[in-house]
Amino acid sequence: MVCCAGLSPRPLPRDGHGIPVPRSIVRDVDTRRHVPRTDLVLADPRLAEAERRLGRPLVKAAVGRAQQRARDGQIAPEEVADAAVAELPARASALTPVINATGVLVHTNLGRAPLSAAAVDAIVAAAGHCDVEFDLATGARARRGAGALDALARAVPAAGAVAVVNNNAAALVLAATALRRPDADEIVVSRGELIEIGDRFRLPDLLVSTGARLREVGTTNRTTVADYADAAGPRTAFILKVHPSNFRIEGFTAAAAVSELAGLGPPVVFDIGSGLLVPHPRLPEEPSAATALRDGAALVTASGDKLLGGPQAGLLLGRADLVRTLTRHPLARALRVDKLTLAALEATLAGPVPPVAAALAADPAGLFQRAERAVARLAAAGLDARVAAAKAAVGGGGAPGVELDSAALSLPEALAVRLRRGEPAVVGRLESGRLLLDLRSVSEEQDPVLVDAILAVHRDVS
């Protein structure tokens, strides 16, 4: 090809022939013009499949971010689809699965009780249409959540009737509202039991919000049955006893027992809090629903997602007339639970031992054996891993001050952040410059997953 002096050939569109272009001219190509259109990127089979699984908005947002990276010159235009696929979330929900290695069995910030496999299966089965309020034999309407309510009644035979609302605070609100009358609007409660729990939630504020008047008796550290007797009268709707589940007072103290209060006349409502239905040998000081009812409590309220090991729910157990009054109150409709909660609750009560109960009963010797096996794998990969004795806790406002002997994996503190950001996330606790992963709050089935997560982080650091 013959070119003019000072000119260089450039291919013509389509025919490949060169055209003379002065060498002194600099031609800048705007790569943004080559960023693929959104519809073309979404047609990628990987993104099309993700759209069916995650929904169009999440996938389209990922594509948009990848396109912007290409416009900013961070990636090549042909890499947009790959970049979008790489940043797709694992699921449509922002909630991330966590391995709870904190040693706190019922960790409120990590969702409290992990559900059993049976409860998870029950939720999946109930996720579509189900007979939550329908009798398949007769084709007529049936009692809502009959299976869950029957399972709860069987678990605590001392209860004349049972009901379920959406959490324990709701159970107390319903009791304070439904059991109050214009001529009997007082709730008698000890000053030492006007508790505050997490996130500045205060029990007296909750009760007053219902329109009830609180009649406080006794002192912070000492309240006797005589204090209650002096306060109880015609205007008393009920006597409220609250288990101070997230703190413990020691020294010069006194508290009235349920059996003493039951003889004063007004019904006794006992908020046991943690959801222990029957006594547990490792928690001798923790009140149970069965014991409270046996001692004369007219109504017991408890949480479903703490020591019971089920879904979030407020359990109501007690005298049939009182439970009937509560369930017939208009507020009960606003506080009722959905079909998924009912399914998980029934499976927790009627199915195999839930994870919280298994963790509570775990043998320390078995925990050390698990820790030794895990450390052997980690050390073989060159990681500074050791077995450490640890103290676990119940958590969730249950059994304050009770320590449970446990075993932990002791790792370099620097791994803590990377493990929290992993998939699955691993959360432990820091002590004396080391990261401790307490195995009492980790199920044995999770051990391989936990070790693999640690090794993955270790490889990234190395």
Side-chain angles (χ1 to χ4, degrees), residues 90 95-117 119-120 198 282 305-307 309 353-400 402-461:
L95 294 176
T96 301
V98 171
I99 294 179
N100 173 20
T102 63
V104 180
L105 308 190
V106 181
H107 199 303
T108 297
N109 302 134
L110 299 181
R112 291 187 176 170
L115 295 179
S116 66
V120 173
R282 288 199 171 173
D305 57 348
K306 294 183 179 180
L307 285 175
V353 174
V356 168
L360 188 58
D363 178 25
L367 297 175
F368 272 95
Q369 291 173 359
R370 289 170 53 195
E372 289 165 357
R373 289 194 294 269
V375 164
R377 281 191 61 194
L378 298 173
L383 202 151
D384 175 16
R386 314 165 197 168
V387 177
K391 296 291 184 182
V394 171
V402 174
E403 293 184 334
L404 304 169
D405 291 333
S406 188
L409 311 182
S410 175
L411 304 171
E413 182 178 356
L415 296 179
V417 175
R418 290 180 177 272
L419 283 170
R420 290 201 304 270
R421 293 178 176 175
E423 179 70 32
V426 178
V427 180
R429 66 178 187 269
L430 300 178
E431 286 186 10
S432 304
R434 300 283 292 180
L435 170 63
L436 295 187
L437 303 181
D438 195 314
L439 295 187
R440 187 175 279 277
S441 56
V442 179
S443 69
E444 188 169 359
E445 292 75 19
Q446 288 181 304
D447 285 355
V449 180
L450 174 62
V451 172
D452 287 344
I454 298 169
L455 291 175
V457 168
H458 175 57
R459 285 191 295 268
D460 290 344
V461 172

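Numbers for residues simply follow the sequence, beginning at 1.
Annotation: side-chain hydrogen bond (donor to acceptor under 3.5 Å, both in side chains) contacts of R282 (sequence neighbours excluded): none. Applying the salt bridge (Lys or Arg N to Asp or Glu O under 4.0 Å) test to E431 and every residue at least two apart in sequence or in another chain returns R429.
Exactly one residue among V375, L439, L450 makes a side-chain contact (heavy atoms from CB on, under 4.5 Å) with R370. That residue is L439.
Minimum interatomic distance between T102 and G428 (heavy atoms only, all atoms of both residues): CG2-O, 3.8 Å. Minimum interatomic distance between A385 and L378 (heavy atoms only, all atoms of both residues): CB-CB, 3.7 Å. When all heavy atoms of A390 and A408 are compared, the closest pair comes out as CB-CB, 4.0 Å. The nearest pair of heavy atoms linking G309 to L115 is O-CD2, 4.2 Å.
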Result block: side-chain N/O donor-acceptor pairs under 3.5 angstrom for residues 410-426, not counting sequence neighbours:
from: S410; atom 1: OG; to: R434; atom 2: NE; distance (Å): 2.9
from: S410; atom 1: OG; to: R434; atom 2: NH2; distance (Å): 3.4
from: E423; atom 1: OE2; to: R91; atom 2: NH2; distance (Å): 3.2

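For R440 (side chain) and L105 (main-chain N/O), no donor-acceptor pair under 3.5 Å exists by modelled atom type. Side-chain atoms of K391 do not come within 3.5 Å of backbone N or O of E403 as any donor-acceptor pair.
One finds the CG atom of L404 at 6.0 Å from the CG atom of L360 (value rounded to the nearest 0.5 Å). Here CG of D405 is found 10.0 Å from CG of D363. Values are rounded to the nearest 0.5 Å. Between the CG atom of L437 and the CG atom of N100 there is a distance of 10.5 Å, given to the nearest 0.5 Å. To the nearest 0.5 angstrom, E372 atom CD is 11.0 Å from L409 atom CG. Atom-to-atom distance recorded for D438:CG and L367:CG is 8.0 Å, nearest 0.5 angstrom. Rounded to the nearest 0.5 Å, atoms CD (E444) and CZ (R373) are 5.5 Å apart.
Using a 4.0 Å cut-off between charged side-chain N and carboxylate O, D452 and R377 make a salt bridge.
P364 places none of its side-chain heavy atoms less than 4.5 Å from the side chain of S406.
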